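What follows is one structure encoded as structure tokens, with my remarks underneath.
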Amino acid sequence: MTAPAPYSRISELPSHAGETVRVRGWVTHLRSSGKVAFVVLRDGTGLLQAVLVKSSVSPETWTRFGQLTQETSIEVEGEVRPDARAPGGFELAVNGLSIYGESPIDYPIQPKEHGIDFLLDNRHFWLRTPRQRAIARVRSEVEQAIRDFFYERDFTLVDTPILTSASGERSGLFSTEYFEEGTAYLAQTGQLYGEAAAAAFGKIYCFGPTFRAEKSKTRRHLSEFWMVEPEVAFNDSEDNMRLQEEFVSYIVARVLERRQPELKELERDLSKLESIKAPFPRVNYSDAVEILQSKGSSVTWGDDLGAEDEAILVQDQDRPVFIYNYPKQAKAFYMKENPDDPRTVLCDDLLAPEGYGEIIGGSEREDDHDKLLARIEAENLPVEAYNWYLDLRKYGTFVHSGFGLGLERTVAWISGIHHIRESIAFPRTMHRLKP
RNA sequence: UCCCGAGUAGCUCAGGUGGUAGAGCAGGUGACUGUUAAUCACCGGGUCGGGGGUUCGAGUCCCUCCUCGGGAGCCA
């Protein structure tokens, strides 16, 4: 009795040419020509064409081929051999086939066009398709690049709470009951906690899911999205922007270096990514308003910039653009007043090219206790919830800056996909909680 | 919340001026020894989103509700 053939993943097959191996996976295509049959299977590392010749397999094996349907999970055993006609250049000459789990004929995803509602309802299956797997791998690479970037630069990762009492942003909050403490809110940002941690470690970042109950229905919004937020003690707003452009350039370079097959699957124009190198253009908010007005926009000084305005500012740019120092009333309470123009705050938005919109919002934080307290009161925020945050300005206040980068927007931009919902495995949008 | 658009077979869609529905793919059966989203022949498949109205008659016209999509605002 001989030992069973070893298992191999599809990507490893070229190194097993001439050997007999077993491969496990899911059926993606079936073709039959009477006495020769082809099974294409997927195992997450690639596609394998397995060939069955009726005269050289057992009758039982031939019968089992007839029972296969799309997405049946199977094991095939056979000899690996090079063949130019096979996808990947190698195929398996099958001598054994076993079925792990059958798949009824009503498997919903077909190799054809589907509508978006149908695909989102079947997201758990949609993930199995080549394009969606490519996006997910780009996302995974972006996340790893984010962690490596900060690790290499001696930032400490600090995980911040998701259940919070105070919020950092003004937009919609998800709430839930919290024991005897009243209402808790799902975090919209980890920033305030990050600021506390920056005084302990100097350089920190947090990275996790954040929640916005905004009733937004656009291709740039999710109600649950991932945000990475570094916070650096003694960085001013200029240092902050330099960190941002270095960070974004690093992420793009990493994906270009390691995810070529995925970018090819996504038909991404690589030249658009290759030009993403620091430094990025910087446009002062006031200058931006003048530019926009000269191009016919109706914005007036003091307004936040709308989606159309942002599109105008990035058109013809081959890399992201900083818009910095917005009016105070357009921005959050924690941003530091600009000493050179107190109507504005020291902050920046980083707008991605090709119409992907704002991928980063950053600022120097208000480090003056009294000014910060005045802003909290002016916004009618509950001061008692911010006492600990105000304490940071009372006990050894320090210049510090940080920013938040939206992971899904960044992944959508790098992948070149139209809608942000495909950049996370199970998107949460206004009208979708399943699957 | 506001402004558009769409709901017809499992999926993607077509159905001038009202006369109770079609195609492609998927599925079933058969043929084929090298297929690449195989090909060819035949077969089955529908509460036309729900409700109300006009009409002899509504997928089609009117009202209403629901669902979904696109966009705006807000933001990452």
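Remember, it's a predicted structure, so these values are computed and weren't measured experimentally. Throughout, a chain's letter reflects where its sequence line sits, starting with A, and its residues are numbered from 1.
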If we take the [atom1] atom in both [N] and [M], what is their distance in whole Å?
N	M	atom1	result
B:C74	B:C62	P	36 Å
B:U12	B:C2	C1'	31 Å
B:G5	B:G19	C1'	30 Å
B:A14	B:G24	C1'	11 Å

Closest approach to the side chain of [X], judged atom by atom: which nucleotide of [options] is it?
X	options	result
A:H419	B:G34, B:G70, B:G73	B:G70
A:R31	B:U35, B:A76, B:A72	B:U35
A:Q110	B:C11, B:C68, B:U35	B:C11
A:F118	B:G28, B:G70, B:C11	B:C11
A:S33	B:C32, B:C75, B:G73	B:C32
A:V53	B:A72, B:A76, B:U33	B:U33
A:E91	B:G34, B:G73, B:G69	B:G34

Run the numbers on A:L119 and A:I109 for side-chain contact (heavy atoms from CB on, under 4.5 Å), then give the verdict. CA-CA 8 Å; A:L119 288 170; A:I109 308 283; 3.9 Å; yes
Do [X] and [Y] have a side chain donor and acceptor closer than 3.5 Å?
X	Y	value
A:E364	A:N240	no
A:Y389	A:E195	yes
A:S103	A:Q70	no

Please give the nucleotide sitting opposite [N] as a Watson-Crick or G-U wobble pair, both distances under 3.5 Å, or none.
N	value
B:C61	B:G53
B:C32	none
B:G7	B:C66
B:G44	none

If you look at every strand shown and take non-hydrogen atoms under 4.0 Å, does [X] touch a base, only sugar-phosphate, or nothing?
X	answer
A:I420	base
A:D106	nothing
A:F38	base
A:A37	nothing
A:K54	nothing
A:G115	sugar-phosphate
A:L222	base
A:S32	base
A:I359	sugar-phosphate
A:Q49	base
A:R220	base
A:H29	sugar-phosphate
A:D304	sugar-phosphate

Would you say the side chain of [X] and the base of [N] hold a donor-acceptor pair, judged only by whether the two atoms sit under 3.5 Å apart?
X	N	result
A:E308	B:G73	no
A:H114	B:C11	no
A:R432	B:C68	no
A:R81	B:G34	yes

Taking the basic N atoms (NZ, or NE/NH1/NH2) and the acidic carboxylate oxygens, is any pair closer than 4.0 Å for A:E224 and A:R421?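 Salt bridge absent between A:E224 and A:R421.
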Any salt bridge between A:D148 and A:R254, counting N to O under 4.0 Å?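 Salt bridge flag = yes for A:R254 with A:D148.
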A:F149 pairs by ring-ring contact (aromatic ring centres under 6.0 Å, His included) with which of A:Y205, A:F247, A:F207?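 Exactly one pass, corresponding to A:F247.
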Check against salt bridge (Lys or Arg N to Asp or Glu O under 4.0 Å), A:D341 and A:K328: CA-CA 10 Å; A:D341 180 0; A:K328 195 181 286 183; over 6 Å; no
Is the distance from OP1 or OP2 of B:C68 to the nearest side-chain N or O of A:R421 less than 4.0 Å?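 False: A:R421 side-chain N/O out of range (4.0 Å or more) of B:C68 OP1/OP2.
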Using a cut-off of strictly less than 4.0 Å, decide whether A:R212 has a side-chain nitrogen or oxygen near OP1 or OP2 of B:C74.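 Looking at the OP1 and OP2 atoms of B:C74, neither is under 4.0 Å from any side-chain N or O of A:R212.
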